[in-house]
Amino acid sequence: VWRAAGYLAAPAIIATIVLGFVLTTLYLPGIGFGSGPGGNGPLQLTDPTLDLRRNLNQPEDRPVIEYRTTGSGGVYLRLASLPQFNANGWSNVQIQLNRGQTLPAIPGVSSESNNKRRTTIRVLDFASQYLPLPYAPRAFDAQGDWRYDANALVVVNAEGPQELRRMSYSVESVDITPSLSDLNKAVAGTPADAAVTAAVPPDLPDSLVQLANRITAKADTAAEKAAAIQAYLRSSQFTYSTEPLPGSGYEAMQNFLLRDNKGYCEQFASAMAMMARVVGIPSRVSVGFLPGEQDEDGWKVSIRDMHAWPELYFANYGWVRFEPTPASVTGTAPAWTVQDSGSS
């Protein structure tokens with residue numbers, strides 16, 4: 001397993017699968033504070049400790065996924081969700097994996113849309129224990145012993161990392177895309193795992209707490225607070241760079257937010273998720289891929305499209321994607337996350 005970089009990394013952990021009659025219990029590590037090396041080598045998604053910096057610094061970019069989708073535009077392809085936050089960074093918790101390829105209700109969504117997106121995905125060349133899927137997946141048809149977590153809607157292979165070269169599968173999903181006005185009316189919800197996803201570490205430095213409160217001081221609603229945090233991180237004050245200041249633990253986050261203001265998706269996603277919790281919005285960090293580039297009637301995703309982003313929890317809408325990483329890398333922020341035209 002590659003040493004993790006940025007804020008999404010964990011201490012040395014063994015990913016262990018214990019097979020049961022119906023359920024599989026799997027402990028997944030996360031991505032933690034610090035800075036790992038760049039490097040060469042193939043893309044392997046054996047767990048969410050994948051070194052984003054290593055892959056973003058590959059000397060040669062190359063496509064790793066092709067897909068076609070019925071919805072408008074491309075889609076973020078999500079691998080893992082990291083709900084637990086402490087001085088070591090963002091990590092997973094013990095989850096139970098269920099058999100079957102039809103997924104349960106979308107957590108937190110009060111009324112599921114009948115307008116479903118169908119995406120056909122073809123993996124070109126990598127190994128993964130996690131199946132790349134749009135959020136929120138409703139059903140999929142991949143070959144192999146794939147199991148799902150009902151809370152995060154993450155799909156994991158019970159047999160461990162699999163060679164996915166030339167593998168094709170399809171997925172039916174629902175886009176979580178509230179309007180800005182509707183999200184502004186929503187309050188921060190209480191997810192089933194609020195004990196984890198709403199928790200603020202008691203040892204979080206006061207300087208980070210004060211920053212979050214200052215950025216959101218003029219915001220009235222939960223959505224406005226989230227938008228203020230995103231706008232702050234996407235402002236010209238911050239620079240996208242795969243060479244952040246060295247450091248570990250909370251020091252690394254203070255380096256990014258209070259000193260040099262340089263980082264890549266791990267730093268931006270982690271910082272926004274942290275500040276959202278401080279102001280009362282449950283959060284988690286997801287790891288996967290950006291939508292990629294359109295190629296005729298389909299899309300191509302490359303190794304340098306690997307990405308991390310925050311998901312925030314709102315009543316009636318469940319987990320909603322935000323995008324704090326600068327526009328130079330991610331393009332325009334989602335419409336529901338921008339309070340005015342100058343925020344993105």
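FYI, the numbering just counts along the sequence from 1.
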Is the ring pair Y240/F268 parallel, tilted or perpendicular, if the boundaries are 30 and 60 degrees? parallel

Can you list, pair by pair, the side-chain donor-acceptor contacts under 3.5 Å of residues 288-295, counting residues two or more places apart and other chains?
none

For D206, enumerate each residue passing the side-chain contact (heavy atoms from CB on, under 4.5 Å) test, keeping only those at least two apart in sequence or located in another chain. Q210

Taking ring pair (Phe, Tyr, Trp, His ring centres under 6.0 Å) as the definition, give me every residue that meets it alongside W309, ordered by chain and number, with sequence neighbours left out. Y76, H307

Do V171 and T120 have side chains that get closer than 4.5 Å, going by heavy atoms? no

For the side chain of D175 and the backbone of T177, is there at least one donor-acceptor N/O pair under 3.5 Å apart? no

Could you tell me if the side chain of I215 sits less than 4.5 Å from the side chain of V279, heavy atoms only? no

Answer yes if F238 and L258 sit in the same cluster of Ile, Leu, Val, Met, Phe, Trp and Tyr residues linked by side chain heavy atoms under 4.5 Å apart, and no otherwise. yes

Any chance you could lay out the side chain to side chain donor-acceptor pair (under 3.5 Å) test for R78 and S286, step after step, and finish with the verdict? CA-CA 7 Å; R78 187 167 166 271; S286 286; 3.2 Å; yes

Under a 3.5 Å cutoff, is there a donor and acceptor pairing between the side chains of T325 and R234? no

Please list all pairs meeting salt bridge (charged side-chain N to carboxylate O under 4.0 Å, His left out) that have one or both residues in residues 278-290, counting only residues at least two apart or in different chains. R284-E311

Tell me the closest heavy-atom pair linking T119 and Y67, and the distance in Å. CG2-CD1, 3.9 Å

Got a sec, which pairs hit salt bridge (charged side-chain N to carboxylate O under 4.0 Å, His left out) with one end in residues 176-191, sequence neighbours left out? none

Say you draw a straight line from CG of N157 to OG of S128; how long is it, rounded to the nearest 0.5 Å? 8.5 Å

Checking side chain to side chain contact (heavy atoms under 4.5 Å, CB included) for the pair K262/E243: CA distance, chi angles, key distance, verdict? CA-CA 8 Å; K262 292 182 179 179; E243 299 295 335; over 6 Å; no

Within a strict 4.5 Å, meaning less than it, do heavy atoms of the I65 and P63 side chains meet? no

Sequence neighbours left out, what passes side-chain contact (heavy atoms from CB on, under 4.5 Å) with A142? Give chain and number order. L131, F140, W146, M167, Y169

Going by atom types alone, do S181 and S179 pair a side-chain donor with an acceptor below 3.5 Å? yes

Is there a side-chain contact between S173 and L133 (heavy atoms, below 4.5 Å)? no

Selection residues 186-203 - residue pairs positive for salt bridge (charged side-chain N to carboxylate O under 4.0 Å, His left out), sequence neighbours left out: none

For Q267, does its backbone N or O pair with a side-chain atom of S270 as donor and acceptor, under 3.5 Å? no

Check whether any side-chain heavy atom of L180 sits under 4.5 Å from a side-chain heavy atom of V338, and report yes or no. no

For the pair E296 and K300, find out whether any cationic side-chain nitrogen is under 4.0 Å from an anionic carboxylate oxygen. no

Do Q96 and N151 have side-chain N/O donor and acceptor atoms under 3.5 Å apart? no

Side chain proximity check, Q254 to S207, heavy atoms < 4.5 angstrom: yes

Do we see a donor-acceptor contact under 3.5 Å between the side chains of R277 and S283? yes

With side chain to side chain contact (heavy atoms under 4.5 Å, CB included) as the criterion, how do V154 and Y148 come out once you've worked through the C-alpha distance, each side chain's angles and the decisive distance to 0.1 Å? CA-CA 6 Å; V154 167; Y148 66 83; over 6 Å; no

Side chain to side chain, Y130 and V287, heavy atoms closer than 4.5 Å: no

Do R165 and V123 have side-chain heavy atoms sitting under 4.5 Å apart? no

Before giving the answer on side chain to side chain contact (heavy atoms under 4.5 Å, CB included), spell out for N92 and Q84 the whole-Å C-alpha distance, their side-chain angles and the decisive distance to 0.1 Å. CA-CA 6 Å; N92 215 318; Q84 183 167 263; over 6 Å; no

Test R138 against T102 for side chain to side chain donor-acceptor pair (under 3.5 Å), laying out the working first. CA-CA 6 Å; R138 312 310 303 124; T102 299; over 6 Å; no

Mind checking what makes side-chain hydrogen bond (donor to acceptor under 3.5 Å, both in side chains) contact with Q237, not counting sequence neighbours? Y232

Run I106 and E112 through side chain to side chain contact (heavy atoms under 4.5 Å, CB included) and show every step you take. CA-CA 8 Å; I106 304 171; E112 183 175 319; 3.9 Å; yes

For residues 211-231, pull every pair meeting salt bridge (charged side-chain N to carboxylate O under 4.0 Å, His left out), keeping only residues two or more places apart or in separate chains. none

In chain order, what residues pass the side-chain hydrogen bond (donor to acceptor under 3.5 Å, both in side chains) check against S170, with sequence neighbours excluded? R118, D141

Sequence-distant partners of A194, side-chain contact (heavy atoms from CB on, under 4.5 Å), two or more places apart: T190, P191, A198

side-chain contact (heavy atoms from CB on, under 4.5 Å) filter on R122, not counting sequence neighbours, yields E66, L124, R166, S168

